[in-house]
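All remarks here apply to the structure that follows.
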Amino acid sequence: MSPSESLFSRALQLIPGGVNSPVRAFRSVGGAPFFTKSAAGATLVTADGRELIDFVCTWGPAIHGHNHPRIKAAIAAALENGTSFGTPNPYEVEMAELIVSFFPSIRKVRLCNSGTEATMSAIRLARGFTKRDKIIKFAGCYHGHSDSLLIKAGSGALTHGHPDSAGIPAAFARETVVLPYNDTAAVDAAFAANPGKIACIIVEPYIGNVGFIKSDAGYLQHLRKACTANGALLIFDEVMTGFRLARGGVQQLEEIIPDLTCLGKIIGGGLPVGAFGGRVEIMDLLAPLGPVYQAGTLSGNPLAMAAGIASLKLIDELNPYAKLDQLGRQICLAALAAAKTKGLPLQAPQTGSMFSLFFTPTPVRDYETALTSDAKLFSRFFRSCLEGGVYLPPSAYESWFLSTAHEGAAIERACEVITRGIKSL
Ligand code: HOZ
């Protein structure tokens, strides 16, 4: 038995499915997950001593590559002072100042521990502010695993066949209106059918959880107008896209001002984190100022804040977006060229360092069209890439992520392996 196999067999005895988050399981692509011993730059080193070029980037946070020396040093320096205080600490203030400087729509921000907490709390806040109960979400968007949002959800919920999770009371599910993404008429119809009842729309402005999908031109602007016209709040879930696709996320690219924004991933520099923020009059409804309760023992944790501050400062120093976009395009063009040679239909939507390969002739613009992708073919492709030393998300319905550390030899090698993988299908 290899070290990974042995660890997995021990894990299976004690941890459901052997993993602490379903997206890490290999059930949809076949085989067992490897265990990671260490990571640096663009490379994971497995417990079995294999080096893999990593296109998961810890599901988004590692925009500067793994174990970046500046982030590591920031954590080490913070560690000297303690790991958690249960009182306000100076790092939280610096983080809040950085977030509002990157996101003009955010005037006040509350820090928490995960993207799930951020979206769950933003929904509660929207309901408290509007005094309405219903929310709109879109099929295939995944906003973490709180009850109101695990309905027609993407990510692991879809990958493992449970987009509508068991355990959600029907009364909760009734308050969530699920619509197709990129369909403006569906939004208008939902508001018309529920006058004065919709508290908010929550959307991944570009979806990263059913594979990567961009919004059609004008779609997000339509959501903004529809919310304003109907007295509902617009919540952008930029947990994945925030700081990754642009300094100020998709809202900067699309020039939209949402009422609330959810963040996570990059602002923790690889440690657990989440945040949500927006207009002052909405945010001031949060306890202790207002009646909407939200809390967390480890919220604003000094180590996570120190790591996140270092990560955001690196973004400002390096302005990595043009480079990341070029690397993303290079991978997608290599894949499309290989597919063309092979006569295989392939879609490769990409913005900057987020993209996906869908094995389908159908342009992918929503949940339904994402499901036309040949998941069995993806599994074979995944295994071929893994054998060649390239680790992709182990699901046909996840975005790939790049870091600045992927430039040079890593990207050349990955293009070769991906090309070979597609040609072998
Ligand atoms: N949004 C991430 C992947 N789509 C979540 C990662 C996880 O569920 O562990």
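Quick caveat, the model's predicted, so the values are computed rather than measured. For ligands, and for the atoms within them, numbers begin at 1 and follow the listed sequence.
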Which of the atoms of ligand 1 are close to [X], meaning less than 4.0 Å from one of its heavy atoms?
| X | result |
| --- | --- |
| Met240 | 1 (N), 2 (C), 3 (C), 4 (N) |
| Ser21 | 7 (C), 8 (O), 9 (O) |
| Val23 | 6 (C), 7 (C), 8 (O), 9 (O) |

Start with the C-alpha gap between Phe243 and Phe103, add the side-chain angles, then the distance that decides, and say whether ring pair (Phe, Tyr, Trp, His ring centres under 6.0 Å) holds.
-> CA-CA 9 Å; Phe243 310 98; Phe103 277 77; 5.1 Å; yes
Could you tell me the residue and atom name of the protein heavy atom closest to atom 2 (C) of ligand 1, and the distance to it rounded to 0.1 Å?
-> Lys265 NZ, 3.5 Å
Tell me, which protein residue and heavy-atom name are nearest atom 4 (N) of ligand 1, and how many Å apart are they?
-> Asn209 OD1, 2.5 Å
May I ask you to check if ligand 1 and Ser155 share an N or O to N or O distance below 3.5 Å?
-> yes
So is Glu398 polar-close to ligand 1, meaning N/O to N/O under 3.5 Å?
-> yes
Compute the centroid of each ring, for [X] and then for [Y], and state whether the two points are separated by less than 6.0 Å.
| X | Y | result |
| --- | --- | --- |
| Tyr397 | Phe378 | no |
| Phe276 | Phe236 | no |
| Phe382 | Phe26 | yes |
| Tyr181 | Tyr219 | yes |

Has His143 got any heavy atom lying under 4.0 angstrom from an atom of ligand 1?
-> no
Between Tyr391 and Phe55, does a ring pair (Phe, Tyr, Trp, His ring centres under 6.0 Å) hold up when you go through it step by step?
-> CA-CA 6 Å; Tyr391 178 52; Phe55 284 96; 9.5 Å; no
